[in-house]
K.L.:
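Mind looking over this structure? Questions follow.
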Amino acid sequence: MRGGGADAKPSGAAFSLIGEAAAFPWAAALHAGLCRMRLSAKEFWAMTPRELAFALGVFKPGPSAPGREALTALMAAFPDDKE
């Protein structure tokens with residue numbers, strides 16, 4: 001059974017550099033999802049925080065794999081040792 005009360009810290013919460021739990025910005029998330037993105041309440045609550053962050057552009061996908069030209073240059077710069 002989970003303990004509660006004023007001193008309880010949420011499990012899995014993000015922590016700041018001084019060790020305090022960082023509060024999730026619910027007001028900003030709700031405003032962004034319901035007002036700016038015009039999601040329904042059902043759509044908003046079905047999203048994970050990570051999905052919402054990607055939808056808002058907080059997280060950007062990483063660079064794609066190098067193209068053939070870049071790969072050829074890397075292979076020339078770092079050849080496999082042939083023994």
Side-chain angles (χ1 to χ4, degrees):
M1 183 156 131
R2 288 185 138 173
D7 296 329
K9 292 190 190 259
S11 63
F15 286 87
S16 69
L17 293 177
I18 57 173
E20 294 295 318
F24 186 81
W26 283 110
L30 285 165
H31 177 75
L34 301 176
C35 300
R36 304 192 87 185
M37 294 175 63
R38 298 181 182 260
L39 297 171
S40 69
K42 184 177 180 178
E43 292 168 330
F44 176 81
W45 290 112
M47 295 179 89
T48 64
R50 183 171 296 271
E51 290 170 330
L52 181 62
F54 270 106
L56 293 171
V58 175
F59 295 135
K60 305 246 188 283
S64 60
R68 174 54 66 185
E69 189 175 303
L71 183 57
T72 302
L74 285 169
M75 290 169 62
F78 303 99
D80 291 335
D81 290 335
K82 295 185 178 182
E83 293 181 42

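Since we're looking at a predicted model, the values are computed, not measured.
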K.L.:
Which pair of non-hydrogen atoms, one from Ala29 and one from Leu52, has the smallest distance, and what is that distance?
P.N.:
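That closest heavy-atom pairing would be CB-CD2, 3.9 Å.
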
K.L.:
Tell me which pairs pass ring-ring contact (aromatic ring centres under 6.0 Å, His included) where either residue lies in residues 52-75, with sequence neighbours left out.
P.N.:
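Sorted result for residues 52-75: Phe54-Phe59.
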
K.L.:
List the atom of Met47, the atom of Ala55, and the distance in Å for their closest heavy-atom pair.
P.N.:
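Shortest heavy-atom contact: CE-CB, 4.0 Å.
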
K.L.:
Return the minimal non-hydrogen interatomic distance between Ala70 and Pro66, and the atom names on each side.
P.N.:
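Scanning both residues completely, I find the closest heavy atoms to be CB-CB, 3.8 Å.
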
K.L.:
Any ring-ring contact (aromatic ring centres under 6.0 Å, His included) pairs touching residues 25-47, not counting sequence neighbours?
P.N.:
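Non-adjacent pairs meeting ring-ring contact (aromatic ring centres under 6.0 Å, His included): Phe24-Trp26, Trp26-Trp45.
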
K.L.:
Sequence neighbours excluded and cut-off under 3.5 Å, please list the side-chain donor-acceptor pairs for residues 34-43, or say none.
P.N.:
{"unit_1": "Ser40", "atom_1": "OG", "unit_2": "Glu43", "atom_2": "N", "d": "3.0"}
{"unit_1": "Ser40", "atom_1": "OG", "unit_2": "Glu43", "atom_2": "OE1", "d": "3.4"}
{"unit_1": "Glu43", "atom_1": "OE1", "unit_2": "Ser40", "atom_2": "N", "d": "2.8"}

